[in-house]
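Right, one structure below, let's go through it.
Start at 1 and go down the list; that is how both ligands and their atoms are numbered. Just so you know, these numbers come straight off a predicted model, no measurement behind them.
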Amino acid sequence: MHDLLLRHGTVHDGFGGPAREADVAIDDGRVTAVGRDLGAARRVIDVSGLVVAPGFVDPHSHSDTVPFLAEPQPFKLYQGVTTEIIGNCGFSCGPANPDTAGFMPAVLAGEAFTTFGAYLDAAQAAGPSNNLAVLVGHNTLRLAAGGMEAAPGPKALDRMCALAAESFTAGAAGLSSGLEYVPGAYADTAELVALALVARRWNLPYATHMRNESEGLADALDEAIAVATRAGVRLQVSHCKASGRAVHGSSAMLLAKLAAARRAGLDVRADVYPYRAFGTGLVAVLPRAPARAARTRCGPGSPTRPSGPRSARWRRTRRPPSGSASGASCTRPTCRSSPTPTPPSPASGWPTCPATRGTPCATCCAPTRTRTGSSTPCTTTT
Ligand SMILES: [Zn+2]
């Protein structure tokens, strides 16, 4: 006698074949038979008119700290998701260096673990609602090995590779990058290849939030493909999209590049939001150098400032020098820029206005204009 019988459902078995009408028998929590006339069961549920399918896998989730919330969090289960891949966009909860953990995003900073294995153990002990596969984040590795330095040096890269190897040994499911976020944004392609080569030793994939999803989309995708090809690893393009007016219509180019890479032998896949909006941190729209300055030199305005018990230590160690609340009075080298920054130009690597093909206009470039203003680091970190 079976424990449970789901009777008269429409079964999608997940192997790609057509749906079929069938019963599903379950014993000891596992599917033991699919078909007709499966015998008696202690409990029978009539699922006529309903779909019976394996649990869905959410390939791009940021539920890294969800296991540590006080109450059970079955919100994904209610949507049919039974497995989540977390540690995306270059940020995982470990391995963290206590000296630099305060720079991790606020959503993670309250749960920073000195080793990747410690995070896995804690998440397991907390009793997650879902199965979790955890990527180790490039930003997290960089923070642990070199803090917010743009060029932490070869020893830091060696340290990052060692930490990555420890993480894969502990059970990390792959490497993720978030190249729109500092300090990962400072990495060159060679650094990413070096870390992906470590993942290759475990036959694990490289998932990337690419360096640019808008005006620089084509180059960013080329870089992602190059990293995976040179390292010999599978590639996952995270939240694959052409973002913003400047690249409207670029989806065909994006898909063509992905298809060409697959024809060339690279196992590349992509995931897409099931909705039209997206969310990120404010730091993603800041220019790289001022973004770094905002976090490292200009005080507590970083959007990654942690909350809770860690915040007191963070305030002690990250308090800005006296008088640095404005650009005029700050004496640090990176804060001596003019309070009225020079408008960006396409040649400087800034986005190009889709309307004027040059200097940001007054109508459609509001975000770009905001970026311009924020390049005065001491006046934007309040
Ligand atoms: Zn992302």
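- Connectivity analysis of hydrophobic side chains (ILVMFWY, heavy atoms under 4.5 Å, direct or indirect) links L6 to L4, V11, V24, I26, V31, V34, I45, V47, L50, V52.
- Listed for the Q73 side chain is a donor-acceptor partner under 3.5 Å among the backbone atoms of E71.
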(message) Please evaluate residues Y206 and L195 with respect to the criterion side chain to side chain contact (heavy atoms under 4.5 Å, CB included), reporting the C-alpha separation (whole Å), side-chain torsions for both, the decisive distance (0.1 Å), and the verdict.
(response) CA-CA 9 Å; Y206 168 56; L195 287 164; over 6 Å; no
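- By the criterion of a separation under 2.8 Å, the protein N/O/S atoms near the Zn ion (ligand 1) amount to C89 SG, H209 ND1, H239 NE2.
- At a threshold of 4.5 Å between non-hydrogen side-chain atoms, the residues M210 and E223 do not count as touching.
- Between W202 and F168, the ring planes lie tilted relative to each other; the angle falls in the 30° to 60° range.
- Using a 30° and 60° split on the angle between ring planes, H62 and H60 fall in the perpendicular class, above 60°.
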